[in-house]
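First comes the structure, then the notes that go with it.
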Amino acid sequence: MTPRAAAARVLREVCSRGRSLSAVLSVQASHVAEGDRALLQELCYGVLRWQPRLDFLLRQLLRKPLKERDGEIRWLLLLGLYQILFMRVPAHAAVAASVAAAAELDRPGLKGLVNGVLRNFLRRRESLLGRCAADETAHFAHPAWFIAMLREAWPEDWQAILAANNARPPLVLRVNRLRASRDICRTELAEAGLAARPLRHVPTGLVLARAVDVTRLPGFAEGLLSVQDGAAQLAAGLLDLAPGQRVLDACAAPGGKTCHILETEPGLAEVVALDSDAMRCEKIEENLQRLGLRAQVVCGDAATPAQWWDGRPFDRILLDAPCTASGIVRRRPDIKCQRRADDVTSLAAQQKRLLQGLWPLLKGGGMLLYATCSVFPRENVAQMQAFFAACSDAQHCPIVAPWGRALAVGRQILPGEAGGEDGMDGFYYALAKKRSARGR
Ligand SMILES: C[S@@+](CC[C@H](N)C(=O)[O-])C[C@H]1O[C@@H](n2cnc3c(N)ncnc32)[C@H](O)[C@@H]1O
């Protein structure tokens, strides 16, 4: 199959049927030639990133909406527009390849439509792009509800956040400090022709100058390196880990932070890595194995510990909660078509349930770190303000750090350029200490 036809299939599955981008992409990648896989990925991520703008343009070009059964042709047209506007594909080649892909998608009768719509765009390009500037959804390439929520939350920064969400994310690595130093890894990467810069506020972080297939990184298979954004690498340091502690990573899959916790403090008594998704628990095991680390992986619901907890309290709990992922749209552009405004309400309710379920598992004097990769206050500062108001034995520990912004409760990192020089993902962290029985 050609990459354009495969991309149309991926995009329909992801946006119309709500399937996971990474899962569908890996299935379709097996149907295209190995040399075309990078193009398939570029097409899918690019169209998802710019879909609100491309959709706006397409609506101006179609006299009537396409029928449901022609869904893949709609995506093929959006792919054609993307190639013309954002890739270095000559316009005539983009049109010809799109027409050919229509036949491959079993819609040969629509080849004329594909040809006509894309050629019409080339003729009217300047005036149509001018109209985009006047339409907020098209201009910022985000759903209207997302723009409205962001504007309310971050009146000074919303435009910078939207721009950061539309940028390509850097590939960031975490050095396994048990096995190598950051300088040694950086030198080995340079010897392999891969320039990398150290992250300023994250001692284990290296940012690659260009993206590469991670399995080709020197030291990756041997467990010297992992892929993890700098913002996510801050969690282990915030937990104030010490030898002998029992640690619960309550929403652990695929295990990025679990592994970093183990790399940071090898003297921990025990780490329990919990996740409710059995398939994702397998990913935790794979990551532990690659890095030569050990944790107890448990499949269970963090909100109902009676089903899996042995009754021994934890010194540290990390709750990296399921969230809208509104801080990592640059890495997950599928969020733009898959999320809805009311997801914020249901996810905030789920986060509250998880906080309430996990708090009793913490020792007196112990600490819970709450994290999300969201920039929406209802999942972050408002969630934790309500938690502290309702929980008399929880004490807020302000995070003092050179990164992010201090909020009334917790600390927020805004994504990419919106967040400062390290260009990290959008993340929120808040620390809660449990008062011991004697009130300390
Ligand atoms: C943000 S991801 C965690 C990322 C992970 N901490 C890491 O650094 O690699 C959230 C995880 O929460 C899990 N999850 C969702 N609801 C859960 C629940 N009720 N109990 C336990 N895990 C849950 C999801 O399966 C998902 O793997």
Side-chain angles (χ1 to χ4, degrees), residues 20-23 172-174 176 202 204-205 214 226-239 247-264 271-291 293 295-309 314 316-329 331-332 334-335 338-339 343 346-361 368-376 379-380 383 413 415 424-430:
S20 143
L21 173 60
S22 54
V172 184
L173 304 174
R174 184 186 80 232
N176 180 352
V202 186
T204 47
V214 291
S226 299
V227 174
Q228 189 177 45
D229 188 75
Q233 292 186 46
L234 294 166
L238 291 171
L239 281 165
V247 179
L248 170 65
D249 185 353
C251 288
K257 296 184 189 69
T258 308
C259 292
H260 194 201
I261 286 168
L262 289 157
E263 290 169 4
T264 303
V271 174
V272 177
L274 177 82
D275 204 279
S276 56
D277 183 325
M279 299 263 280
R280 286 172 64 83
C281 281
E282 284 174 24
K283 296 277 173 209
I284 309 179
E285 300 277 13
E286 278 169 26
N287 278 318
L288 287 166
Q289 196 171 4
R290 183 179 62 83
L291 293 162
L293 300 166
Q296 193 193 341
V297 179
V298 178
C299 185
D301 176 4
T304 52
Q307 293 169 1
W308 51 267
W309 185 42
F314 294 96
R316 297 286 181 269
I317 296 178
L318 169 62
L319 171 53
D320 187 15
C323 69
T324 53
S326 56
I328 55 165
V329 176
R331 298 192 188 279
R332 294 265 325 271
D334 49 318
I335 285 163
Q338 287 194 336
R339 289 260 179 252
D343 289 343
S346 53
L347 283 160
Q350 195 183 350
Q351 292 151 2
K352 182 179 173 190
R353 239 170 32 92
L354 292 168
L355 278 163
Q356 286 172 341
L358 291 168
W359 188 248
L361 278 55
L368 180 147
L369 178 64
Y370 176 80
T372 73
C373 55
S374 173
V375 290
F376 293 144
E379 302 181 89
N380 296 342
Q383 178 74 266
I413 303 168
M424 296 189 283
D425 282 350
F427 241 83
Y428 173 81
Y429 284 110

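Start at 1 and go down the list; that is how both ligands and their atoms are numbered. This is a predicted model, so every value here is computed, not measured.
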Quiz item: Is the shortest heavy-atom distance from the side chain of Arg316 to the side chain of Ile261 under 4.5 Å?
Solution: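 Not touching, per the 4.5 Å side-chain cut-off.
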Quiz item: Taking the side chain as C-beta and beyond, is there a heavy-atom pair between Lys257 and Leu239 under 4.5 Å?
Solution: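 A side-chain contact is absent here, since even the closest heavy-atom pair is not under 4.5 Å.
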Practice problem: For ligand 1, would you mind listing the residues that have at least one heavy atom less than 4.0 Å away, ordered by chain and number? | Solution: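 Shell around ligand 1 (4.0 Å, heavy atoms): Ala250, Cys251, Ala252, Ala253, Pro254, Gly255, Gly256, Lys257, Asp275, Ser276, Asp277, Arg280, Gly300, Asp301, Ala302, Asp320, Ala321, Pro322, Gln350, Leu354.
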Practice problem: May I ask you to decide if Ser374's main-chain N or O and Asn380's side chain share a donor-acceptor pair within less than 3.5 Å? | Solution: yes
Self-check item: Side-chain (Gln233) to main-chain (Leu173) donor-acceptor, under 3.5 angstrom
Solution: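 Pair found, side chain donor or acceptor close to backbone of Leu173.
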Quiz item: Does Asp229 pair with Arg331 as a salt bridge, N-O distance under 4.0 Å?
Solution: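 Yes.
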Exercise. Starting from the C-alpha separation in whole Å, work towards a yes-or-no answer on side chain to side chain donor-acceptor pair (under 3.5 Å) for Gln351 and Thr372.
Key: CA-CA 10 Å; Gln351 292 151 2; Thr372 73; over 6 Å; no
